[in-house]
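What follows is a short report on a single structure.
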There are 2 protein chains.
Amino acid sequence: MGATKTDHFTAQQNELANLAKALGHPARIAILEVLLKMEACICGDIVNELPLAQPTVSQHLKELKNAGLIKGNIEGNSICYCIDAENWNKYKELLSAFFAQLNLKINCC
Amino acid sequence: MGATKTDHFTAQQNELANLAKALGHPARIAILEVLLKMEACICGDIVNELPLAQPTVSQHLKELKNAGLIKGNIEGNSICYCIDAENWNKYKELLSAFFAQLNLKINCC
DNA sequence: TAGCATCATCGTAATATTGCAATGAACAAA
DNA sequence: TTTGTTCATTGCAATATTACGATGATGCTA
């Protein structure tokens with residue numbers, strides 16, 4: 001069909017998958033890196049840093065915002081984007097906990 | 001268009017995005033959780049644990065294998081899948097390093 | 001007010017992903 | 001050899017994603 005069968009999985013599985021999905025595009029990684037590197041949150045020249053047109057960047061920003069990874073504040077004419085620190089750390093823990101589950105003693109293949 | 005402009009981004013950005021993309025589906029998270037929970041790597045009854053048909057699971061397994069997250073060994077008639085521990089830990093570090101970049105002092109929005 | 005800048009949204013085209021029935025390949029057992 | 005089991009692959013339909021030109025909304029400035 002093409003549509004993910006979200007209903008059949010647990011809330012935790014879907015949350016982790018949604019987070020990963022939001023990170024699953026190099027442009028979105030690049031946007032986050034720009035926001036991380038800037039000592040203050042920059043406003044709209046993310047577009048200039050990326051090899052993509054303005055509507056495309058805007059769309060990626062929207063997805064990062066929906067995922068809770070970034071926040072956007074209106075600042076006069078432009079918009080100030082920055083990392084959503086609270087969610088960022090929550091997601092950091094979520095991923096960390098997921099990857100910590102591996103029992104190193106077991107290695108059969 | 002529809003195709004991701006992979007060429008315009010760095011190898012690191014693409015690597016991270018590919019990893020995240022592989023994790024970006026609840027079925028694949030569920031498969032990994034099954035493999036993590038089993039004390040030994042199970043063989044093919046992953047299908048029984050998931051609400052998806054066998055070809056669909058096979059496809060997800062293929063993607064996880066391509067991403068380097070799991071390995072598969074032929075064992076007579078069936079196949080033994082398990083976490084690729086080496087890559088797993090590499091990816092764990094990769095994600096950890098990415099999320100560690102946040103400077104907590106900066107929070108403008 | 002008129003013009004400009006910034007950013008979102010709409011509409012559309014190209015491509016990717018998801019899911020499964022049907023089928024195929026490989027092996028084990030009768 | 002035949003039958004059954006396990007898993008991959010093929011082919012297809014439905015849906016999602018990616019990208020961008022055109023356009024709209026908003027606020028600043030002259």
Side-chain angles (χ1 to χ4, degrees), chain A residues 1-9 13-14 17-31 34-35 41-67 69-82 109, chain B residues 1-9 13-14 17-31 34-35 41-67 69-82 109:
Chain A
M1 304 282 171
T4 297
K5 287 189 157 183
T6 310
D7 299 345
H8 300 325
F9 299 98
Q13 287 166 345
N14 281 312
N18 277 333
L19 165 61
K21 206 172 175 183
L23 295 173
H25 195 289
R28 292 194 286 269
I29 297 290
I31 289 172
V34 169
L35 293 177
C41 68
I42 63 157
C43 293
D45 26 32
I46 307 175
V47 175
N48 297 325
E49 302 274 341
L50 296 192
L52 295 171
Q54 180 265 326
T56 308
V57 173
S58 186
Q59 199 173 309
H60 284 305
L61 285 167
K62 192 180 174 187
E63 284 173 55
L64 288 170
K65 207 169 163 187
N66 283 339
L69 284 161
I70 65 174
K71 290 189 292 186
N73 268 20
I74 299 174
E75 214 166 72
N77 198 14
S78 55
I79 293 190
C80 168
Y81 280 108
C82 62
C109 296
Chain B
M1 310 280 172
T4 296
K5 287 188 156 184
T6 311
D7 298 345
H8 300 325
F9 299 99
Q13 287 167 345
N14 281 312
N18 278 331
L19 165 61
K21 206 172 177 184
L23 295 172
H25 194 290
R28 292 195 286 269
I29 296 290
I31 290 173
V34 169
L35 292 177
C41 67
I42 64 158
C43 291
D45 26 32
I46 306 174
V47 175
N48 297 326
E49 302 275 342
L50 295 192
L52 295 171
Q54 179 264 324
T56 308
V57 174
S58 187
Q59 196 173 313
H60 284 306
L61 285 167
K62 192 179 173 186
E63 285 174 56
L64 287 171
K65 208 169 160 187
N66 283 339
L69 284 161
I70 65 175
K71 290 188 291 185
N73 268 18
I74 299 173
E75 215 166 71
N77 199 15
S78 55
I79 293 190
C80 168
Y81 280 107
C82 64
C109 295

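Letters A, B, ... mirror the listed sequences (proteins, then strands); counts begin at 1.
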* Given dA16(D), dC28(D), dT6(D), which nucleotide is nearest the side-chain atoms of S78(B)? -> dT6(D)
* Check every atom of dT9(D), dA5(C), dT18(D) against the side chain of N77(A) and return the nucleotide holding the closest atom. => dA5(C)
* Closest-nucleotide ordering on DNA chain C, the 5'-leading residue of T6(A) and I74(B) ->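 Between the two, 5'-proximity favours T6(A).
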* **First of H60(B) and Q54(B) reached from the 5' end of DNA chain C, by closest nucleotide** =>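 Its nearest nucleotide being more 5', the pick is H60(B).
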* **Nearest-nucleotide 5' precedence on DNA chain D, H25(A) against P55(B)** => P55(B)
Between [X] ([atom1]) and [N] ([atom2]), how many Å, whole number?
X: I79(B); N: dA8(D); atom1: CD1; atom2: P; value: 5 Å
X: F9(A); N: dT18(C); atom1: CZ; atom2: C1'; value: 11 Å
X: I31(B); N: dC7(D); atom1: CD1; atom2: P; value: 13 Å
X: K62(A); N: dT6(C); atom1: NZ; atom2: C1'; value: 17 Å
X: K5(B); N: dA13(C); atom1: NZ; atom2: C1'; value: 14 Å
X: K71(A); N: dC7(C); atom1: NZ; atom2: P; value: 18 Å
X: Q59(B); N: dG11(D); atom1: CD; atom2: P; value: 14 Å
X: L52(A); N: dA8(C); atom1: CG; atom2: C1'; value: 16 Å

To the nearest 0.5 Å, how far apart are [atom1] in [X] and [atom2] in [Y]?
X: I29(B); Y: L64(B); atom1: CD1; atom2: CG; answer: 8.5 Å
X: N18(B); Y: T6(B); atom1: CG; atom2: OG1; answer: 7.5 Å
X: L35(A); Y: K71(A); atom1: CG; atom2: NZ; answer: 12.0 Å

* What are the two closest heavy atoms between A30(A) and L50(A), and how far apart are they? -> CB-CD2, 3.6 Å
Mind checking if [X] touches a base, just sugar-phosphate, or nothing, with heavy atoms under 4.0 Å?
X: K21(B); result: sugar-phosphate
X: L61(B); result: nothing
X: T4(B); result: sugar-phosphate

Would you say [N] has OP1 or OP2 under 4.0 Å from some side-chain N or O of [X]?
X: Y81(A); N: dT6(C); answer: no
X: T56(B); N: dC20(C); answer: yes
X: S58(A); N: dC7(C); answer: no

* Look at the side chain of R28(B) and the backbone N and O of A17(A), then say whether any donor-acceptor pair between them is shorter than 3.5 Å. =>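 No, R28(B) side chain to A17(A) backbone: no donor-acceptor pair under 3.5 Å.
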